[in-house]
Asker: 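Have a look at this one.
Numbering of ligands and ligand atoms starts at 1, following listing order. For reference, positions follow the sequence shown, starting with 1. Keep in mind that the numbers below use all heavy atoms, side chains included, and drop hydrogens, waters and symmetry copies.
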Amino acid sequence: MFLLQKISLKLRLSLLFGLIFTGMLSGFCYILYTQFSKIQIAEFDTSLYNYAVDVAESLDIDKFGDVEFDSNILKLNEKILPFTLKNSFISVLDINGHIIETRPHLHESQFSPLTENVVARVLKQGASFSTMVFEKTPHRVINYLLPVLHKDTPLILQISVPETDFLIINRNLIKFFYISVPVMLFISLLIGYFFVRRALSPMMEIINKTKIIEVSNLEERVPVPQSKDEIWQLADTINHLLSRLDETFSAQERFIQDASHQLKTPLTIMKGELEVFKSEKRSEVETNAMIESVSQEVNFLIKLTNNLLILARVDSGTISLTFSPNRLDEIVISQVSRLSKLAVMKNISLQINFDSFYNATEEELTIMCDRDLAGVLFYNLIENAIKYSPEHSTVEVVGIHKPGSLVVTVSDEGDGIECDSLEKIFERFYRLQRTATKAQGSGLGLAICKVVADSLNAKIWAEKNVGRGSKFYFEINNQKLS
Ligand code: ADP
């Protein structure tokens with residue numbers, strides 16, 4: 001077993017193929033041989049029986065039970081027999097096994113003993129066959145019930161003929177099998193190895209190609225065979241895996257570049273401010289302005305760092321999230337109250353409409369989520385709506401209870417989002433040129449909303465609001481609490 005694990009798949013499959021083929025061939029030869037032997041013995045026995053009939057007819061038995069043999073008995077007519085008469089023995093015995101006459105003259109050991117069984121069979125069936133070794137040569141023996149009986153006790157004609165010819169044929173046949181089976185094993189191994197090698201050659205190409213693919217050349221793909229078999233599936237799967245890895249690595253690279261750029265900008269601004277402050281003497285007003293500016297950049301850095309941490313936390317998988325049952329309306333309301341101050345500062349009317357939720361049961365309003373992260377999702381949506389809306393406008397948060405799902409929409413009366421950017425705004429660091437100048441931001445808020453929604457198996461998307469502004473949708477299935 002250990003040795004089998006060490007040899008190559010090609011060799012293992014060829015061996016398996018060879019062994020199965022040879023096993024089947026051996027089985028076939030064995031059946032062929034036994035069937036052939038049976039037929040041969042049956043034919044041999046028929047000839048021996050016919051010969052016994054001829055001999056019996058040629059015998060002259062007088063009324064005292066004395067037997068006279070025909071002098072030509074061991075030459076016999078023109079019949080073709082499957083045995084030689086040269087080494088044959090003919091004798092007439094009574095049922096007690098006493099010899100009455102023999103040709104040629106035989107001694108005791110050259111008779112097949114007439115056991116009770118043999119006599120019973122001869123009396124019942126007229127003849128019986130057996131095999132016996134005389135002078136190291138196997139002989140076929142027939143005990144034949146003589147038809148003419150002048151005495152009370154029946155007489156039995158016993159003829160023994162050598163099986164030489166018959167054995168030679170069998171021996172040759174076995175010899176042929178002994179030689180042909182290993183030869184066939186060897187040939188089947190060679191053929192098997194050839195076919196297995198051919199069949200596995202695309203796999204070797206895939207292995208060789210996979211070996212040279214690294215992070216630096218992730219865009220390369222393994223060769224795909226033309227026939228759509230299992231190897232094609234393997235190559236296709238590896239290529240899909242490579243595509244996913246390539247995308248992930250590229251996204252990660254882009255993320256690192258964007259993140260470092262985002263981190264560098266406020267740091268450079270702060271450094272510039274401090275340099276200027278250090279080189280010249282400043283008035284109190286200028287000092288306060290500078291402190292205000294640096295403090296804004298620090299706040300921005302804190303927010304950016306928090307966002308990056310949230311993304312890293314969600315990206316690392318659900319393991320680091322703590323899911324628990326929470327009421328969706330409570331999560332949303334708590335974020336609305338956190339942001340109400342910001343709305344007041346911008347003279348924006350922040351309205352909540354949860355009428356539809358009042359029809360839902362406590363269980364229907366409960367979702368499994370990480371409460372903090374779900375809070376961040378709604379905070380970002382409502383904050384954006386306030387951030388990108390003009391003063392004295394309205395931001396509305398609506399809860400809709402649908403059969404099997406809960407929907408929360410956040411709509412505003414801002415400048416809205418162009419159709420071709422509606423999906424892109426959920427990408428990391430993506431910001432609309434138009435709005436970027438109006439409000440400070442890093443382009444991570446909606447990306448966080450997207451990963452949080454994905455972790456909840458929820459959907460999030462944006463639409464152009466009917467009339468003015470934009471509308472963000474969050475939809476979660478609330479059928480199962482697991
Ligand atoms: P940030 O607000 O920090 O720039 P977000 O990921 O939250 O990053 O938003 C990405 C971009 O999508 C924003 O820069 C803005 O251009 C656009 N956006 C998001 N929400 C709105 C909104 N309610 N109205 C108009 N534009 C929006």
Side-chain angles (χ1 to χ4, degrees), residues 251 254-255 258-266 269 296-315 332 335-336 338-340 342-343 345-352 373-398 407-455 459-474:
R254 244 181 297 127
F255 181 75
D258 291 343
S260 48
H261 174 76
Q262 291 282 340
L263 286 168
K264 240 195 256 164
T265 313
I269 294 171
Q296 263 184 27
E297 294 306 329
V298 169
N299 282 340
F300 177 77
L301 271 179
I302 291 171
K303 198 167 176 199
L304 180 68
T305 318
N306 277 341
N307 282 345
L308 287 172
L309 280 175
I310 292 173
L311 276 176
R313 217 178 126 201
V314 182
D315 278 350
V332 180
Q335 301 310 316
V336 170
R338 274 183 72 196
L339 285 158
S340 55
L342 187 68
M345 276 161 63
K346 267 190 95 176
N347 286 317
I348 285 176
S349 156
L350 181 55
Q351 298 175 2
I352 297 189
L373 278 184
V376 171
L377 185 152
F378 293 108
Y379 184 92
N380 288 351
L381 289 184
I382 302 165
E383 190 200 28
N384 275 352
I386 298 171
K387 216 161 63 168
Y388 299 112
S389 291
E391 290 200 0
H392 304 290
S393 61
T394 304
V395 168
E396 193 180 21
V397 182
V398 180
V407 180
V408 176
T409 64
V410 179
S411 50
D412 62 62
E413 296 171 348
D415 292 338
I417 302 156
E418 294 83 10
C419 287
D420 57 348
S421 296
L422 284 172
E423 278 187 27
K424 287 190 193 146
I425 51 171
F426 291 97
E427 288 172 12
R428 292 173 189 195
F429 299 108
Y430 185 86
R431 303 198 74 202
L432 295 179
Q433 286 295 331
R434 183 165 46 78
T435 50
T437 47
K438 284 191 184 170
Q440 202 189 31
S442 61
L444 286 179
L446 289 179
I448 289 174
C449 292
K450 178 87 177 86
V451 289
V452 174
D454 286 348
S455 76
K459 282 193 283 182
I460 188 164
W461 72 99
E463 285 179 8
K464 261 179 111 66
N465 209 358
V466 187
R468 229 180 130 204
S470 45
K471 191 168 185 174
F472 284 80
Y473 291 81
F474 169 84

Asker: Check whether more than 12 heavy atoms from other residues, nucleotides or ligands sit under 6.0 Å from atom NZ of Lys464, and answer yes or no.
Answerer: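 Yes, enclosed.
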Asker: Counting only heavy atoms not in Lys450, do more than 12 sit closer than 6.0 Å to its NZ atom?
Answerer: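 Result for NZ/Lys450: open.
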Asker: Quick one: nearest non-hydrogen protein atom to atom 13 (C) of ligand 1, plus distance?
Answerer: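 Scanning the protein heavy atoms, the shortest distance from atom 13 (C) of ligand 1 goes to Tyr388 OH, 3.4 Å.
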Asker: Using a strict 4.0 Å cut-off to heavy atoms of Tyr430, name the atoms of ligand 1 that fall inside it.
Answerer: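 Checking each atom against Tyr430, I get 10 (C), 11 (C).
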Asker: Who's the nearest protein heavy-atom neighbour of atom 6 (O) of ligand 1, and how far?
Answerer: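 Among all protein heavy atoms, the one nearest atom 6 (O) of ligand 1 is Leu446 N, 2.8 Å.
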Asker: Mark up the atoms of ligand 1 that fall under 4.0 Å of a heavy atom belonging to Leu444, in ascending order.
Answerer: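 Going through ligand 1 atom by atom, the ones under 4.0 Å from Leu444 are 6 (O), 8 (O).
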Asker: Would you please classify the geometry between the Tyr473 ring and the Trp461 ring as parallel, tilted or perpendicular, with 30° and 60° separating the classes?
Answerer: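 Answer is parallel, since the angle falls under 30°.
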Asker: Does ligand 1 have an atom that lies less than 4.0 angstrom from a heavy atom of Asp412?
Answerer: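 Judged by the 4.0 Å heavy-atom criterion, Asp412 does count as contacting ligand 1.
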Asker: Answer yes or no: does atom CD of Gln440 have more than 12 heavy-atom neighbours from other residues, nucleotides or ligands under 6.0 Å?
Answerer: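 Counting other residues, nucleotides and ligands, CD of Gln440 exceeds 12 neighbours.
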Asker: Of the protein's non-hydrogen atoms, which lies at the shortest distance from atom 12 (O) of ligand 1, and what is that distance?
Answerer: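 Of every protein heavy atom, Ile425 CG2, 3.3 Å lies nearest to atom 12 (O) of ligand 1.
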Asker: Does Leu432 approach ligand 1 within less than 4.0 angstrom via side chain, backbone, both or neither, non-hydrogen atoms only?
Answerer: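 For Leu432, the contact with ligand 1 is made by both the backbone and the side chain.
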Asker: Closest non-hydrogen protein atom to atom 16 (O) of ligand 1, residue and atom name please, with distance?
Answerer: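 Heavy-atom neighbour on the protein nearest atom 16 (O) of ligand 1: Thr435 OG1, 2.4 Å.
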Asker: Give the atom numbers and elements of ligand 1 that come within less than 4.0 Å of a heavy atom of Ser470.
Answerer: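 Listed by number with element: 22 (C), 23 (N), 24 (N).
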Asker: Mind checking whether Phe426 has a heavy atom under 4.0 Å from ligand 1?
Answerer: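 Phe426: no contact with ligand 1 (<4.0 Å).
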Asker: State which residue, out of Asp412, Asp415, Asn465, fulfils the side chain to side chain donor-acceptor pair (under 3.5 Å) condition with Ser470.
Answerer: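 Between Ser470 and the candidates, side chain to side chain donor-acceptor pair (under 3.5 Å) is satisfied uniquely by Asp412.
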Asker: State, with a plain yes or no, whether a side-chain heavy atom of Phe474 is found less than 4.5 Å away from one of Cys449.
Answerer: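 Phe474 vs Cys449: side chains apart.
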Asker: Verify the neighbour count for atom NZ of Lys346: are there more than 12 heavy atoms of other residues, nucleotides or ligands below 6.0 Å?
Answerer: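 More than 12 heavy atoms, drawn from other residues, nucleotides or ligands, come within 6.0 Å of this atom.
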Asker: I'd like to know if the side chain of Glu396 pairs up with that of Thr394 as donor and acceptor (distance under 3.5 Å, no hydrogens or angles considered).
Answerer: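 Looking only at side-chain atoms, Thr394 and Glu396 do not form any donor-acceptor pair under 3.5 Å.
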Asker: Distance to 0.1 Å, residue and atom name: give those for the protein heavy atom nearest to atom 7 (O) of ligand 1.
Answerer: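 So the nearest neighbour among protein heavy atoms is Asn384 ND2, 2.7 Å.
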Asker: In this structure, does ligand 1 have an atom that sits under 4.0 Å from one of the heavy atoms of Lys387?
Answerer: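 Flag set, Lys387 near ligand 1.
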Asker: Out of Glu427, Lys450, Arg431, who is nearest to atom 4 (O) of ligand 1 when you count heavy atoms only?
Answerer: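 Minimum heavy-atom distance to atom 4 (O) of ligand 1 goes to Arg431.
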Asker: Among protein heavy atoms, which sits nearest to atom 3 (O) of ligand 1, and what does the distance come to when rounded to 0.1 Å?
Answerer: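 That would be Ser442 N, 2.9 Å.
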Asker: Which residue owns the protein heavy atom closest to atom 26 (N) of ligand 1, what's the atom, and how far is it?
Answerer: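 Result: Ile417 CG1, 3.6 Å.
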Asker: Mark up the atoms of ligand 1 that fall under 4.0 Å of a heavy atom belonging to Gly443, in ascending order.
Answerer: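 That gives atoms 1 (P), 3 (O), 4 (O), 6 (O), 8 (O) of ligand 1.
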Asker: With a 6.0 Å cut-off (strictly less than), is the heavy-atom count around CD of Glu391, excluding the residue itself, greater than 12?
Answerer: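 Enclosed: over 12 neighbouring heavy atoms sit under 6.0 Å from CD of Glu391.
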Asker: For the pair Arg431 (side chain) and Gly441 (backbone), establish whether a donor and an acceptor sit closer than 3.5 Å, ignoring hydrogens and angles.
Answerer: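 Looks like yes, one N/O pair under 3.5 Å.
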